[in-house]
Structure formats: structure tokens, C-alpha cells
Amino acid sequence: MPYSLYIHLPYCLVKCPYCDFNAYAAKSWPEEQYMDALAAELRHYISQPPWAEQSIATIYFGGGTPSLFAPRSFARFLTLVSNLASIAEDAEITLEADPATVTPEKLSGYRAVGINRLSVGVQSFQPQLLKTLGRIHTPEDAHDTLTWARAAGFANLSMDVIFAVPGQTPAMLADDLTLAHGHALEHLSTYSLTYEEHTPFFAMKKKGTLRPVEEDDEVAMYLLIQERCVAAGYRHYEISSFARPGFSARHNANYWNGTSYLGLGAGAHSFSAASAWGTRWSNERLPRRYMEKALTHGTATTTVETLTREQAMSEFVFLNLRQLHGLTPAAFTARFGVDFDEQFPHVTDLLTEGLLTSTSGRLTLSPQGLLLADTIFASFV
Ligand code: SF4
């Protein structure tokens, strides 16, 4: 089975106060050494099962801020990958870009080395919301990045939008969507702001210095996104994701569909579907320790987890349900040898309450269910 490759680049110019990703503020970063560590890790894994002799369907450079790294670093890495493994001819190769860190030349450089999809961390076009979020780019930087990316030859552009930001009104969100649609993007990822433990935003919310958007307003904003994106010709294909036909994020879809993925870099996670119910592992999170380990041993794994059948069943359900095409109970039975309704009898209640819908043998989240997805998923664990 073709697999996916994820590469984590953990450096950012500043750490945004809402962010709980494995990202570190840095004025400079050991780009060469970090790429050496990635190369060492790649060499270690690539000849082992389940990666050996399989082709790579998608590659994703995430972070952190991958666009801090120069095109030549990606050229070097992608050349190594293609020397050691086979990259599918139509592989989707994505790079996350922060508008504060790019120039037209840099974007042309990324395209020239084979990156064919850009995911731009715009978040909002409203100056006051960017300030609240602690972002260091301006709305003009965001517009420029999208325009330069097109000029550089990117035919597959995605943009992140954050909603339910303190101080945001539905009118501001509507304006953001209009501006985003003005760039005729292929894909939009929309996330409601969450207050993750150990972030400054979490502490500010607790102290009462940051007032979250009211729940009703958050729901109204999510509904507004759905309405505007669908009206603009996008297909709502996953809870947070909208795509023009043919432009769903293939890398993410592979995660949701249980495909194996190899994660390289500080804090990266991997999953192998080769064992009975799957195995996942994760890397050392601190970049310095990650590099030391990867350069010395070729691997920087810290935790390994073998999934149980029950865990695999739960994951199968919510990874499928988060996609709007949902799941077929027959596929569940084929994989696990047990009747879906028998394993999860509460599905009848979810259908009666109108949170799930059953049509032509497919079970999907209803519009109401989409708003309560986390609660519904938790009921399958
Ligand atoms: S730029 Fe992205 S990864 Fe970096 S701190 Fe901000 S939200 Fe986190």
C-alpha cells in the first residue's frame, strides 16, 4: 500500500499564544543540522517494513513554520527521498507557509523543487484579530502570499481560517470568507479557536482576561462558513475542510482512512497499519534532543503504542464519521468481524436523536451532529 510521509519542522519566529503544537520560537535555527537529522531518520526507516518497496503517495511539510526553511533544504530532502524510495508520479507534496516568512522568490523556489500544494496560515484578514491571535503577519502579507503563490505556479492552494476569536463578529468572518473566496482557492481549512491547556490563552481565559466567543455565536459562525463555502462551490467533505472538486487534502484523507504514515522530525507521529490493529509511535519533542538522537541512532522514537482491537474499532468509527461521506457498517463488519450495531448499540439512540443519519447503507453525522461531533466521537470510545 502506498503510504504518506510527514516531516515536522518545529521552528517559528514567535510562539502564538493559542498554539499547542510542537513549535518553538527561534531567531535562528540549525537548518543544515536539522536536515541532516531528517536524512538520517529517513535512511533508517526507508528500507524497513512497512515502508520498504512501497511508494509514497503524499508528502507533507508541517510545523512549526516550514516556510522558514530555504527551498534548497527541501530540494536536498526530496532528492534523497526519490533516491531511496519511489514517490508516486501524482504525489501531493504540501508545505505549510506563514505569510510573514515568504517572498515571491522563495515561493517560486518551493514550486521549482517539486512542492505542488501550499497551505497558507492566513487565519484572518482582520488586523485586530491577527493581533489578538499574536500573529506577526498583516492582511497585506496574507493577500500577497496567496497572489505570489499563484504567480509561482501553485495550482493547489489551501488557506487556514480560525473562527470564534475573541472580539470577532459574524460580519468579520463573512468579510474574511469573501476575501478568501476572492483568491479562488482550491481548499479551505476552518478551525474554531480552542483554549488548550498550558497555552497563554488557556491561562488568560481562566483569569478572565480573555473572553471566549459565546457558544451560540460560535455555532452561528460555523454555520456561516458552511453556507458561504458551499455557495462558493466548495464541497464540505470533512468537519473542518472544504474543497473544490478534486482538491480534497489527500494527505489528511490518508490519516482518516487508516493508511500508514511515516513521521520524521521533532515530535512527529507515525502509524503503521501493517500489524494486526496498527502501531503508532512518536519522536522526541525537543528539537535539540531529537537531532542528537536521530544523528546518533537514526531514530528518535520515545513512545510506541500497539493498538488494541477496541481502540482500532473506535478510531475506525470516528475517523470515518469526521468525513462527511461517513462509514458503512458493512465495512466495519468486514474489518472487525462483528456486527456494527451489536458493538455500538447506542447508535440507535444517536439516530433517534437526529445526530446521525442513515442513508443507502451509509452512516453520517447530521447537520446537528456536526455541531456535537466531539461528544458523539467520545461515545464510541
Ligand atoms: S505559527 Fe503556527 S505553529 Fe508557529 S506558533 Fe503560531 S500557530 Fe503555532
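Just follow the structure's listing: the first ligand is 1, and inside any ligand the first atom is 1. Because only heavy atoms are used, hydrogens play no part in the values below, and waters and symmetry mates are left out as well, while side chains stay in.
When Arg135, His137, Lys15 are ranked by how near their heavy atoms come to atom 2 (Fe) of ligand 1, first place goes to Arg135.
Contact annotation: Val14 has at least one heavy atom less than 4.0 Å from an atom of ligand 1. Within the 4.0 Å heavy-atom shell around ligand 1 one finds Gly64. Taking a 4.0 Å cut-off on heavy atoms, Glu96 fails to register as neighbouring ligand 1.
Atoms OH and CZ, from Tyr261 and Phe271 in turn, are 7.0 Å apart once rounded to the nearest 0.5 Å.
Contact atoms of ligand 1 toward Cys19: 3 (S), 5 (S), 7 (S), 8 (Fe) (distance under 4.0 Å to a heavy atom of the residue).
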Before giving the answer on side-chain contact (heavy atoms from CB on, under 4.5 Å), spell out for Gln323 and Thr364 the whole-Å C-alpha distance, their side-chain angles and the decisive distance to 0.1 Å. CA-CA 8 Å; Gln323 304 180 72; Thr364 53; over 6 Å; no
One pair to check against side-chain contact (heavy atoms from CB on, under 4.5 Å): Phe154 and Glu186. What are the steps and the verdict? CA-CA 10 Å; Phe154 282 97; Glu186 282 67 35; over 6 Å; no
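When the shell of 6.0 Å around CD of Glu53 is examined, it contains 12 or fewer heavy atoms from other residues, nucleotides or ligands.
Under 4.0 Å is where a charged nitrogen must lie from a carboxylate oxygen, and between Glu96 and Arg117 no such pair does.
Relative to the six-membered ring of Phe377, Arg322 misses at least one condition, a distance below 6.0 Å or an angle of at most 45° to the axis.
Taking atom 4 (Fe) of ligand 1 as the reference point, the nearest protein heavy-atom neighbour is Cys12 SG, 2.3 Å.
At least one N, O or S atom of Cys16, from either the backbone or the side chain, sits less than 2.8 Å from atom 6 (Fe) of ligand 1.
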